[in-house]
Amino acid sequence: MTLPPIFSDSSSDDLLAGLNPEQARAVEYRGPALLIVAGAGSGKTRVLTHRIASLIRSREAWPSQILAITFTNKAAAEMRERVEQLLGQAAEGMWISTFHSACVRILRREAERFGYVKSFTIYDSADSRALLKRIIKDLDLDHLGLTPAGTASRISKLKNELTDVDAFARSASANDPREQAFLEVFRRYSKELARAHAFDFDDLIGQVVFLFRAFPEVAALYQRRFRHILVDEYQDTNHAQYALIRELTRPVEPEVVAAATFEYAPREVAEDGSIPGAGLTVVGDSDQSIYAFRGADIRNITEFERDYPGAEVVMLEQNYRSTQNILSAANAVISNNFDRKAKNLWTGLGEGEKIVGFTGYSGHDEARFIADEIEDLHRDGVGYKDMAVFYRTNAQTRALEEIFIREAIPYRVLGGTKFYERAEIKDAIAYLITVANPFDEYALRRILNSPKRGIGPMTEAQLAAFAEGQEISFRDAMRRAAELGYGPKVRGSILTLSGILDHATSMALTAEGQKPTAVSDILNYILTETGYLDILRASKDPQDEARAENVDELLAVTREFSRNNPESGLVDFLTEVSLVAAADDLDDTSGTVSLMTLHTAKGLEYRAVFITGVEEGLLPHQMSADEAGGPSEERRLFYVGITRAREKLFLSLAMTRAQYGEISVALPSRFLQEIPPELISWKQSPGMVTSREGTQPRALNAQRGGPGGGHGGYSRRSNEPSSSSVGFRGGSSAAVSEPASGNMTSSLQKWREAKRAKAAAQRSGGESAFPNTILGSVQDNGDLELAAGDRVEHSDYGPGVVSAVTGVGTKRIAHVDFEEVGPKKILIKIAPITKVSTDSDGTDSDGTDSDGIGSGSTEASADAES
DNA sequence: TCGAAAGCCATTTTT
DNA sequence: TGGCTTTCGA
């Protein structure tokens with residue numbers, strides 16, 4: 001690689017070139033602790049990489065004395081690359097990785113100190129949950145409201161606080177049966193993990209902290225090694241991670257220095273014989289803290305100056321990413337969080353285009369809008385890879401994907417149902433784990449009968465009992481299956497599998513100094529010998545074909561891995577696989593639109609960003625409503641989403657959304673109203689979609705008839721001038737339980753009156769007829785029963801007679817002949833209608849089943865998803 | 001032991 | 001809506 005001359009200059013000046021004064025200070029400051037408060041898009045990665053390069057170039061640290069912690073592996077790789085670019089050489093020996101990867105590295109080295117094999121298994125959350133499920137079932141404790149997910153999250157929280165079982169047992173109240181039941185599960189869980197030589201995600205951090213505390217001489221190895229520690233996204237660290245950093249930056253006591261034998265040349269030793277603690281740099285932005293649910297403690301960053309007295313603080317407030325309009329929206333939104341330190345991002349990039357808003361009738365409608373805009377942008381020269389679509393929940397991808405496929409828009413979903421979560425992939429991985437870590441009985445049991453080889457639950461239980469009785473491992477029990485008096489078929493199955501595993505294990509063994517066997521060879525051997533692939537391929541289940549392809553894909557992944565890391569073997573592969581993050585499989589060269597959750601979006605940026613589902617109940621999410629700090633965190637999440645956009649930002653929502661096969665109705669998010677209206681140009685505003693009045697506001701996403709009936713805390717703002725000037729707050733409530741019996745003439749008059757009033761209001765309102773506020777709301781008719789002959793009144797179309805009803809459940813569609821506008825089809829559940837009278841003389845409908853396609857008269861609100 | 005059918009249930013974000 | 005578990009029959 002040829003570098004411009006400036007990069008080979010040994011002076012540090014070029015590292016400051018192009019930086020603003022604050023950034024430069026953050027690069028140059030030398031002292032024990034530095035906090036960089038980096039607003040969104042303020043160039044923190046640049047500052048961090050330049051700082052590392054500066055430390056190395058000035059000889060204040062060797063690359064191997066640098067530890068940089070990032071949030072994802074991708075960010076780590078990128079940072080490494082950028083530092084190497086700055087230095088013009090490979091900066092070998094730098095540890096740039098995530099918390100989890102760094103801890104695994106330490107644990108693998110030190111595992112044997114506390115009785116674990118080096119090849120311990122890493123349990124992801126799904127594995128943990130599966131284990132807990134089993135334990136709860138075994139202990140027969142599910143009646144006390146103990147769910148796998150619930151206990152998993154509670155255990156995770158405890159571990160994040162560095163509370164292990166014993167510590168918890170001390171504080172648990174002895175006379176609360178539920179507490180005791182949980183303790184029992186927790187204890188068993190810890191025991192099973194240890195037995196399987198496995199760590200869960202939280203252990204990876206916590207165990208390192210315990211290790212350091214229990215073995216000061218081990219801690220000293222790392223305290224001595226790392227002279228500078230840099231932590232990115234510090235606002236999302238939890239207590240365990242905080243403690244880990246504290247341990248790593250602790251000075252090494254003189255007596256430990258004296259007693260230790262270090263394998264590297266010692267770092268400088270102070271006069272008193274100690275080794276000073278490492279310098280710490282943390283970077284973060286409390287406005288972007290979005291992982292409190294996972295135990296992140298915002299105080300780690302807000303109280304940094306207290307934790308590290310004398311720490312220098314640098315504020316980066318100039319944004320280099322977004323246009324002013326986008327930034328103003330972001331600032332306006334986040335300023336609604338009361339408990340934050342004021343901070344104002346500014347940009348020199350100019351005003352830019354307005355934010356585009358869109359309100360769809362349904363999730364599909366919204367998706368179609370997005371697809372159209374993406375195509376427009378693409379025609380205007382914006383590459384697909386420069387666009388991203390964000391959503392709050394993974395379930396929202398479905399509608400988007402359907403449209404994207406139909407419109408042939410290349411896209412890629414990050415995270416979500418991950419490749420490694422598929423059953424066939426988990427099976428294959430379980431085989432590899434069984435080979436790597438013979439203690440992991442759960443992996444072994446998973447593949448015992450997969451592919452089907454006639455070893456059912458009965459046989460499995462017998463083997464387990466035999467193993468326990470003989471005090472041997474499950475694996476040994478399999479080897480001695482002949483002693484169990486099975487029929488020839490079962491015995492043969494067990495022994496064959498056992499033999500395959502033994503051989504695979506011998507393949508994986510590598511002599512000292514020898515290159516490890518390629519993972520692909522091991523996997524290929526297993527898949528061939530067990531017939532796993534052949535059986536999938538021969539299956540008549542059409543899904544098995546896809547499964548076989550997935551397994552092939554995994555084989556390709558292993559080959560790729562061996563090619564890229566010829567020095568790495570089976571265990572390294574398994575480690576990498578367990579620690580992939582959603583954002584890691586982002587490929588910048590892919591040329592596809594990226595779809596991801598708002599959480600995954602953190603740290604990324606795109607020229608054009610679509611934030612979808614900006615609705616009450618979704619963003620902010622329902623679940624966050626009664627969590628302490630929940631609404632604030634949701635707002636930060638929205639803020640993170642907004643600030644990912646460089647040039648174009650689209651905010652969209654849907655008035656109805658298919659959820660669990662039901663259609664539910666939503667209100668626009670409160671966050672929308674926090675954005676100054678002049679920043680948004682609505683292609684279709686909520687007001688345009690719900691341009692009707694006189695219906696009961698009702699947030700369908702809120703629990704119907706639920707406690708409080710508070711509609712998810714949404715405070716309606718329909719008393720604002722724009723909507724009250726409509727002047728029609730009709731008494732025609734949507735309370736369908738009391739069908740208004742009325743005479744037609746007067747209701748028609750009333751309707752015309754209302755229509756005039758509304759039109760007048762819109763004329764006088766001009767542009768602001770569709771401001772960024774919410775007019776009315778979508779009506780929910782619940783289970784309104786309609787039949788042919790019924791008279792209804794529609795707030796836009798006026799009175800009409802039902803000619804037929806088709807569809808079922810929430811998707812029932814009424815075919816109505818309106819007096820004013822003729823025949824229309826409307827979705828009963830959400831149409832702004834009221835039943836006026838029931839068909840009394842049994843008028844039968846004609847053309848009962850004329851389908852809506854092609855008739856062109858299907859009202860938009862009937863455009864519901866199926 | 002296994003497959004199909006039927007009910008049931010949950011649905012936030014993730015290293 | 002669909003993924004998952006349970007149930008039932010072979």
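Proteins come first, then strands; the chains are lettered A, B, ... in the order of their sequence lines, and each starts at number 1. Fair warning: this is a prediction, and the values are worked out from it, not measured in the lab.
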Asks: Figure out the CD1/C1' separation between Ile69(A) and dT15(B), and round it to whole Å.
Replies: 12 Å
Asks: Output all residues satisfying side-chain contact (heavy atoms from CB on, under 4.5 Å) with Thr643(A), sequence neighbours left out; order by chain, then residue number.
Replies: Ala40(A), Ala330(A), Tyr639(A)
Asks: Whole angstrom is fine here: how far is it from NE2 in His621(A) over to P in dT12(B)?
Replies: 6 Å
Asks: To the nearest Å, how far apart are Glu402(A) CD and dG2(C) C1'?
Replies: 13 Å
Asks: I need the CD-P distance between Glu576(A) and dT15(B), as an integer number of Å.
Replies: 14 Å
Asks: Mind checking what makes side-chain hydrogen bond (donor to acceptor under 3.5 Å, both in side chains) contact with Tyr411(A), not counting sequence neighbours?
Replies: Glu401(A)
Asks: Specify the residue among His599(A) and Thr459(A) whose closest nucleotide of DNA chain B lies further upstream toward the 5′ end.
Replies: Thr459(A)
Asks: Distances under 3.5 Å between protein N/O atoms and the N/O atoms of nucleotides 3-10 of chain C, please, pair by pair.
Replies:
unit_1, atom_1, unit_2, atom_2, d
dT5(C), OP1, Lys133(A), NZ, 2.8

Asks: Listed by chain and number, what are the side-chain hydrogen bond (donor to acceptor under 3.5 Å, both in side chains) partners of Thr393(A), not counting sequence neighbours?
Replies: Gln396(A)
Asks: Quick one: sort the Tyr116(A) and Phe199(A) rings into parallel, tilted or perpendicular, breaks at 30° and 60°.
Replies: parallel
Asks: Check each residue of residues 286-299 of chain A for a non-hydrogen atom within less than 4.0 Å of any atom in DNA chain B, then write out the ones that pass by number, or none.
Replies: Tyr291(A), Phe293(A), Arg294(A)
Asks: May I have the distance from Phe199(A) (atom CZ) to dT15(B) (atom C1'), rounded to whole angstrom?
Replies: 17 Å
Asks: So, using side-chain contact (heavy atoms from CB on, under 4.5 Å) as the criterion, who are the partners of Thr459(A) when residues are at least two apart?
Replies: Ile455(A), Tyr486(A), Val490(A), Ile494(A)
Asks: Any N/O pairs under 3.5 Å between the protein and nucleotides 3-5 of chain B? List them or say none.
Replies:
none

Asks: Roughly how many Å is it from CZ in Phe71(A) to P in dT13(B), rounded to a whole number?
Replies: 15 Å
Asks: Holding to salt bridge (Lys or Arg N to Asp or Glu O under 4.0 Å), I want the full list of residues that pass it with Arg129(A), two or more places apart in sequence or in another chain.
Replies: none
Asks: Measuring to OP1 and OP2 of dT15(B), would you say a side-chain N or O of Thr72(A) lies under 4.0 angstrom away?
Replies: no
Asks: Roughly how many Å is it from CG in Asp236(A) to P in dT13(B), rounded to a whole number?
Replies: 16 Å
Asks: Using the C1' atom as the point on both nucleotides, what is the distance between dC4(C) and dT13(B), in whole Å?
Replies: 23 Å
Asks: How would you list, by chain and number, every residue that makes a side-chain contact (heavy atoms from CB on, under 4.5 Å) with Phe293(A), sequence neighbours excluded?
Replies: Tyr291(A), His599(A), Glu633(A)
Asks: Could you tell me if Arg108(A) sits above the aromatic ring of Phe120(A), with its cationic atom closer than 6.0 Å to the ring centre and no more than 45 degrees from the axis?
Replies: yes
Asks: Are Lys426(A) and Tyr420(A) in a cation-pi contact, defined as NZ or CZ under 6.0 Å from the six-membered ring centre and within 45° of the axis?
Replies: no
Asks: Among all residues two or more places apart in sequence or in another chain, which pass the side-chain hydrogen bond (donor to acceptor under 3.5 Å, both in side chains) test with Ser101(A)?
Replies: Asn73(A), Thr98(A)
Asks: State which residues pass side-chain contact (heavy atoms from CB on, under 4.5 Å) with Asn337(A); sequence neighbours excluded, sorted by chain then number.
Replies: Ile334(A), Asp339(A), Arg340(A), Ser632(A), Arg635(A), Arg636(A)
Asks: Tell me which of Ile455(A) and Glu633(A) sits closer to the 5' end of DNA chain B, going by the nucleotide each one is nearest to.
Replies: Ile455(A)
Asks: Reckon Ser125(A) touches a base, only the sugar-phosphate, or nothing at all at heavy-atom distances under 4.0 Å?
Replies: base
Asks: Expressed in angstrom and rounded to an integer, what is the separation of Asn160(A) atom CG from dT14(B) atom P?
Replies: 16 Å
Asks: Which residues pass the side-chain hydrogen bond (donor to acceptor under 3.5 Å, both in side chains) test with Asn437(A), sequence neighbours left out?
Replies: Thr121(A)
Asks: If the cut-off is 4.0 Å, is Asn394(A) near the phosphate of dT14(B), judged by side-chain N/O to OP1 or OP2?
Replies: yes
Asks: With a 4.0 Å cut-off on heavy atoms, is Asn449(A) in touch with a base, just the backbone sugar-phosphate, or nothing at all?
Replies: sugar-phosphate
